[in-house]
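Here's the structure we're looking at; comments come further down.
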Number of protein chains: 2
Amino acid sequence: MKVSQQEIVAAARELFRNQGYAGASMQDLADRVGLKKASLYSRFPDKEALVGEVLQLTLDEIFATVDDAGGWRAAYEAILRSISGSLVERGRCVAFHLAYGASADAPRAMEAVRGFFTACRRRLAETLSTAVEPGEADRIAVDALSRIEGATLWLAIDGDGTAMQRTLDRLLAEADGLQGRRRVRAKPGNPGKTAGQPRRKHSRAAALPGRP
Amino acid sequence: MKVSQQEIVAAARELFRNQGYAGASMQDLADRVGLKKASLYSRFPDKEALVGEVLQLTLDEIFATVDDAGGWRAAYEAILRSISGSLVERGRCVAFHLAYGASADAPRAMEAVRGFFTACRRRLAETLSTAVEPGEADRIAVDALSRIEGATLWLAIDGDGTAMQRTLDRLLAEADGLQGRRRVRAKPGNPGKTAGQPRRKHSRAAALPGRP
DNA sequence: CCCAATAACTACCGAACGGTCGGATGTAAA
DNA sequence: TTTACATCCGACCGTTCGGTAGTTATTGGG
């Protein structure tokens, strides 16, 4: 194999992210990975099947660094930072672009997108359910995801990541306010970010990875 | 003229919204409005020019019903309701889809998208600047837009509008907390939605148009 | 009613699309 | 070295893409 499966999927992801489902072409993908188009079709049945692979890879990458050993708050922060960090790095969200673009004509792609966001939502809600009741946990998870995704608007338009940074700060600050206003912190020894009066005047929190 | 300019632009908007820039085809647009493809090119110079028209029409529709006579809070609410209402109705945001999809190969389209969101942002910030300082007004405007746009994620995935409803409620509740915690209300005589302790336990506010 | 102007049409262009096929090429065991 | 197998590739399919040229239909003013 001249090129590994993962390299192809990663290249496909970049295409889907920047061009959308309809705008990404198999020829373009073949050129990028240094193969011919026919060779791609001996690895993947069709274009639509690439969507599932792309989203599975992305899901794996997001949760690779997350473990629940440090408690719900640390896990929650790790997940949100992992997601928003990669979004700032790449400028757009593949899954969101596919959610918008893979319409009725690509039902398997749409199903993969649903699966991706459902997995993120479930994992977040599960993490939060240590601190709040399940219904509220799911609501917080849904809102957190949509707020992070929404912040990619300004990333896509003018590359501005400050809205994302602000969103992340607020989500974490709001998380500190959960569980009956108890004092919680992500890492012992981490300066600032107290939760005494957690809902106002949050201090400029730690920067996103790769964003000074 | 068999078909008015506005009908064509509205049909193009639907296509761009559901298929993205690359996925929307001139042939498809021609079929929908009952013209031949060549006729479209006698009205619009090219596909990219349609983007500007689509976003201008959308901008006009959004702000058609908004006036500043009732004070900043009423205007702010009117704008947010106008935007989120049309998003719930249509299930996606054209401008957001175009922001993601119209990439480097369509610079005029990208410029139009930037203009659209800049106009929304400016109008919102201008409205808010009656209550808070300009910098904070701009920040609130940016965040409000991105939160509303983000809520379209769940609309696109499974048609669920509850996240949008929740987002709208929170944005309005947070607006009530502005201007130094003064008591403000949108319309005198409107039941509920007080702002005495505005930042918690917001009551289920008025439904979006078309969402019982 | 005529004529000019506008609007819509038919027919076509080269390029790119997703996808397929049969043969060439590399590789590792026998 | 032969065999067997997976991989890759050149060439091609039918279709659709954005866009254009030249021609016909429609329409409003005189």
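The shown structure was predicted, so the numbers you read here are calculated from the model rather than taken from an experiment. Lettering follows sequence order; numbering is per chain, from 1.
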Between A:Lys2 and D:dC9, is there a contact of a side-chain N or O with OP1 or OP2 at under 4.0 Å? yes
For the ring pair B:Tyr100 and A:Tyr100, is the centre-to-centre distance below 6.0 Å? no
Using whole Å, what does the distance between atom C1' of nucleotide C:dC17 and atom CG of A:Asp31 come to? 13 Å
Phosphate oxygens OP1/OP2 of D:dC9: is one of them under 4.0 Å from a side-chain N or O of A:Ser39? yes
Check this one for me: any side-chain N or O of A:Arg43 less than 4.0 Å away from OP1 or OP2 of D:dA6? no
Honestly, is A:Lys47 close enough over A:Phe16, meaning NZ or CZ under 6.0 Å from the six-membered ring centre and within 45° of the axis? no
Please confirm whether the backbone N or O of A:Ala78 pairs with a side-chain atom of A:Ser82, one donor and one acceptor, at under 3.5 Å? no
Does B:Tyr41 put a side-chain nitrogen or oxygen below 4.0 Å from OP1 or OP2 of D:dG19? yes
Extract from the structure each pairing of a protein N or O with an N or O of nucleotides 13-17 of chain D at less than 3.5 Å, listing the distance.
from	atom 1	to	atom 2	distance (Å)
D:dC17	OP1	B:Ser25	OG	3.0

Nucleotide nearest A:Leu35 when distance is taken to its side chain, options C:dA8, C:dT20, D:dC8: D:dC8
So does A:Arg123 pair up with A:Glu126, basic N to acidic O under 4.0 Å? no
From the options D:dG10, C:dT10, D:dC8, select the nucleotide whose nearest atom is closest to the side chain of B:Lys36. C:dT10
